[in-house]
There are 2 protein chains.
Amino acid sequence: MGTDPTGTAADREFLHQAVRAAQQGRAEGGIPIGAALVVDGAVLATGWNKRVQLGSAIRHGETDALENAGRLPATVYARATMVTTLSPCDMCTGAILLYGIPRVVIGEHRTFLGGEDLLRSRGVDVVVLDDPTCVQMMTDFIAAEPSLWNEDIGVED
Amino acid sequence: MGTDPTGTAADREFLHQAVRAAQQGRAEGGIPIGAALVVDGAVLATGWNKRVQLGSAIRHGETDALENAGRLPATVYARATMVTTLSPCDMCTGAILLYGIPRVVIGEHRTFLGGEDLLRSRGVDVVVLDDPTCVQMMTDFIAAEPSLWNEDIGVED
């Protein structure tokens with residue numbers, strides 16, 4: 001599965017906001033994965049992984065953005081794009097499917113490949129931007145905190 | 001996909017605890033879906049849907065149980081069973097897959113059928129107890145609050 005070159009300038013701007021969210025998480029001592037939930041061309045909410053900060057098993061970048069956006073009707077999710085710095089894990093893939101979000105923009109999938117095939121098989125438009133800042137951010141983090149990373153993705157350390 | 005008759009007496013006792021969690025949620029004005037995360041024959045944490053109580057988009061029964069259990073290493077999830085009153089939605093299915101939980105016990109899948117096929121295709125042992133209390137609880141809730149139920153499963157109202 002290669003890089004999808006169809007990302008727009010707006011996708012790259014929204015990814016930049018997701019990167020800033022991830023950097024905020026890292027500055028807090030957390031895992032640098034961030035997301036932005038975009039609806040009708042505007043960011044409705046950002047989120048970042050809060051495993052360390054909240055002792056959380058379920059606050060990943062994407063799920064934190066969904067939580068920060070609050071309760072929404074299906075009609076809003078149907079117009080949404082989930083922008084995330086990293087390929088979404090199984091849980092975040094499932095959250096995207098649950099709410100029928102039709103488009104996902106991914107910063108990179110070199111350091112971790114999540115549920116992109118499942119998303120595509122369910123009709124979701126998946127764009128991978130292969131952003132070097134996202135790759136470097138995760139490469140540095142995984143090298144610095146391999147045990148924390150394994151815990152976050154459910155891998156035995 | 002029929003009912004799996006292989007649930008044990010212990011499964012039914014743990015389901016009873018998940019039902020009590022769901023009933024607690026309903027008593028709070030919420031959606032009556034509950035779960036129990038069982039490890040080594042003991043309930044590590046229970047959880048229930050908190051869409052109404054917390055204005056939450058991600059606190060379903062199963063994810064709330066995972067959150068209440070806190071940060072755990074993969075070795076603990078590898079010995080776990082997720083017991084839930086209702087067939088797990090895509091998000092909760094993904095959370096179970098993320099953490100490599102090898103067994104899921106489901107109260108019922110008559111009122112909602114979630115990701116059971118995906119769980120099985122990834123090697124998870126799925127047991128459906130077809131519990132009449134669980135069926136009645138969801139039937140009553142859906143009749144009373146159809147819009148809230150649609151919102152919870154991402155369906156247009």
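So you know, we letter chains A, B, ... as the sequences are listed, proteins then strands, and number each from 1.
In the hydrophobic cluster analysis, where Ile, Leu, Val, Met, Phe, Trp and Tyr join through side-chain heavy atoms closer than 4.5 angstrom, A:Leu118 is grouped together with A:Val104. B:Val39 and B:Leu66 end up in the same hydrophobic cluster when Ile, Leu, Val, Met, Phe, Trp and Tyr side chains are linked at under 4.5 Å. Grouping the Ile, Leu, Val, Met, Phe, Trp and Tyr side chains by contacts below 4.5 angstrom, directly or via other members, places A:Val135 apart from A:Leu129. Connection of B:Val127 to B:Val19 is established within a shared hydrophobic cluster, with ILVMFWY side chains joined at heavy-atom distances below 4.5 Å, either directly or through further cluster members. Cluster membership for A:Leu97 and A:Leu86, using ILVMFWY side-chain heavy atoms within less than 4.5 angstrom, is not shared.
Of the two parts of B:Leu72, only the backbone, made up of N, CA, C and O, holds a non-hydrogen atom closer than 4.5 Å to a non-hydrogen atom of chain A. At a 4.5 Å heavy-atom cutoff, A:Asn150 makes no contact with chain B through either its backbone or its side chain. In this structure, the portion of B:Asp152 lying under 4.5 Å from any heavy atom of chain A is its backbone and not its side chain.
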Yes or no on side chain to side chain contact (heavy atoms under 4.5 Å, CB included) for B:Met91 and A:Thr93, after CA distance, side-chain angles and deciding distance? CA-CA 7 Å; B:Met91 175 175 67; A:Thr93 294; over 6 Å; no
Which is it for B:Ile58 and A:Glu62 under the side chain to side chain contact (heavy atoms under 4.5 Å, CB included) test, yes or no, and what are the steps along the way? CA-CA 10 Å; B:Ile58 63 170; A:Glu62 301 91 325; over 6 Å; no
Test log, rule side chain to side chain contact (heavy atoms under 4.5 Å, CB included), inputs B:Arg71 and A:Leu54: CA-CA 10 Å; B:Arg71 291 172 56 180; A:Leu54 297 181; over 6 Å; no
Does A:Asp90 form a side chain to side chain contact (heavy atoms under 4.5 Å, CB included) with B:Arg122? I'd like the steps, not just the answer. CA-CA 11 Å; A:Asp90 286 322; B:Arg122 297 271 297 266; 2.8 Å; yes
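For the set A:Arg59, A:Glu156, A:Arg51, the count of heavy-atom pairs under 4.5 angstrom toward chain B peaks at A:Arg51. Most heavy-atom pairs under 4.5 Å with chain A: of the set B:Gly100, B:Gly94, B:Gly115, this distinction falls to B:Gly94.
Residues B:Pro73 and A:Glu151 form no side-chain contact, since every pair of their non-hydrogen atoms from C-beta on lies 4.5 Å or further apart.
The minimum heavy-atom distance between A:Tyr99 and B:His60, with the atom names listed, is OH-NE2, 4.3 Å. When all heavy atoms of B:Gly154 and A:Ala74 are compared, the pair lying nearest together is O-CB, 3.4 Å. Considering every non-hydrogen atom in both A:Ala57 and B:Gly70, the closest pair reads CB-O, 4.1 Å.
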